**Student:** 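Just passing along the structure, written as structure tokens.
All figures in this text were calculated on a predicted structure; none of them were measured in a lab.
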Amino acid sequence: MEKRLIETITKNGKITFFLNGFEDGKFFLRIIHIIQQVINPEIINYQGGEDIDGFFEKDGLRVQVEYDTMLGNMIEVESNYQPDELDKVRKWVKQIWDALQKQNA
């Protein structure tokens, strides 16, 4: 699949970022490592086996990180944050995306 970062608003009112090209479960732990190293959140947590759910918190924002065997790796945030807060999340997602691209060039 073509490597592409896709942003969409879901029916449940969340903004979801799909990390196309990095759908495999092996990338989930890489994403977590990138979050720890680049974003340096106050809290990070994840759990699961086949499907993995997690989140991180920074600057009062909670961002979901998920691996689903059907959908791949994705990052979600509630769309009710302020525009400047959503821009901050978009910046973090872009940092994660850029680091994945760099690691897998």
**Student:** Is there a continuous path of hydrophobic side-chain contacts, each under 4.5 Å between heavy atoms, that joins Ile31 to Ile52?
**Tutor:** yes
**Student:** Check the pair Leu19, Phe27 against side chain to side chain contact (heavy atoms under 4.5 Å, CB included), reporting the backbone distance first and the verdict last.
**Tutor:** CA-CA 10 Å; Leu19 306 171; Phe27 290 109; over 6 Å; no
**Student:** Going by the side chain to side chain donor-acceptor pair (under 3.5 Å) test, which pairs reach into residues 62-71, not counting sequence neighbours?
**Tutor:** Asp51-Thr69, Glu57-Arg62, Arg62-Gln64
**Student:** Between atom OG1 of Thr16 and atom NZ of Lys11, what is the distance when rounded to the nearest 0.5 Å?
**Tutor:**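 If we round to the nearest 0.5 Å, Thr16:OG1 and Lys11:NZ are 12.5 Å apart.
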**Student:** Do Glu85 and Val77 have side-chain heavy atoms sitting under 4.5 Å apart?
**Tutor:**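 When only atoms from C-beta onward are counted, Val77 and Glu85 do not touch, as no gap falls below 4.5 Å.
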**Student:** Could you walk me through whether Val38 and Trp92 pass the side chain to side chain contact (heavy atoms under 4.5 Å, CB included) check?
**Tutor:** CA-CA 9 Å; Val38 175; Trp92 294 335; over 6 Å; no
**Student:** Any heavy-atom pair between the side chains of Val93 and Val63 that's under 4.5 Å?
**Tutor:**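 Counting from C-beta outward, Val63 and Val93 never come under 4.5 Å.
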**Student:** For the CG atom of Leu5 and the CD1 atom of Ile96, what is their distance to the nearest 0.5 Å?
**Tutor:** 9.5 Å
**Student:** Locate the shortest heavy-atom distance separating Lys58 from Glu42; write the atom from each residue and the value.
**Tutor:**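 For Lys58 versus Glu42, the nearest heavy atoms are CA-OE1, 2.8 Å.
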**Student:** Hey, quick one: are Met74 and Phe55 part of the same hydrophobic cluster, counting side-chain heavy atoms closer than 4.5 Å, chains of contacts allowed?
**Tutor:** no
**Student:** Taking side-chain contact (heavy atoms from CB on, under 4.5 Å) as the test, write out the residues that go with Arg4, two or more places apart.
**Tutor:** Glu2, Ile6, Asn20
**Student:** Once salt bridge (Lys or Arg N to Asp or Glu O under 4.0 Å) is applied, do any residues pair with Lys91, and if so which ones, sequence neighbours excluded?
**Tutor:** none
**Student:** Exactly one of Phe17, Phe28, Trp97 should register a ring pair (Phe, Tyr, Trp, His ring centres under 6.0 Å) with Phe22. Which one does?
**Tutor:** Trp97
**Student:** Using salt bridge (Lys or Arg N to Asp or Glu O under 4.0 Å) as the criterion, list what pairs up with Lys88, not counting sequence neighbours.
**Tutor:** Asp59
**Student:** Can you measure from CD (Gln103) to CD1 (Ile34) and round to the nearest 0.5 angstrom?
**Tutor:** 4.0 Å
**Student:** Hey, are the side chains of Ile32 and Phe56 touching, using non-hydrogen atoms and a 4.5 Å cut-off?
**Tutor:**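 Of all side-chain heavy-atom pairs linking Phe56 with Ile32, none is under 4.5 Å.
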**Student:** Please lay out, stage by stage, how Tyr46 and Val65 fare under the test side chain to side chain contact (heavy atoms under 4.5 Å, CB included).
**Tutor:** CA-CA 8 Å; Tyr46 62 93; Val65 183; over 6 Å; no
**Student:** Residues in side chain to side chain donor-acceptor pair (under 3.5 Å) with Lys94, at least two apart?
**Tutor:** Asp98
**Student:** Should Phe18 and Leu100 be regarded as members of a common hydrophobic cluster, given that ILVMFWY residues are connected when their side-chain heavy atoms come within less than 4.5 Å of each other, either directly or indirectly?
**Tutor:** no
**Student:** Which distance, rounded to the nearest 0.5 Å, do you find between the CD of Gln95 and the CZ of Arg90?
**Tutor:**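 It comes to 14.5 Å.
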**Student:** Quick one: list whatever passes salt bridge (Lys or Arg N to Asp or Glu O under 4.0 Å) with Asp53, sequence neighbours left out.
**Tutor:** none
**Student:** Working to the nearest 0.5 angstrom, can you tell me the gap between Glu78 CD and Leu86 CG?
**Tutor:**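 Going from CD on Glu78 over to CG on Leu86, the span is 10.5 Å.
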**Student:** Should Ile15 and Leu61 be counted in the same cluster of Ile, Leu, Val, Met, Phe, Trp and Tyr side chains packed under 4.5 Å apart?
**Tutor:**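 Same cluster: Ile15 reaches Leu61 through Ile, Leu, Val, Met, Phe, Trp or Tyr contacts under 4.5 Å.
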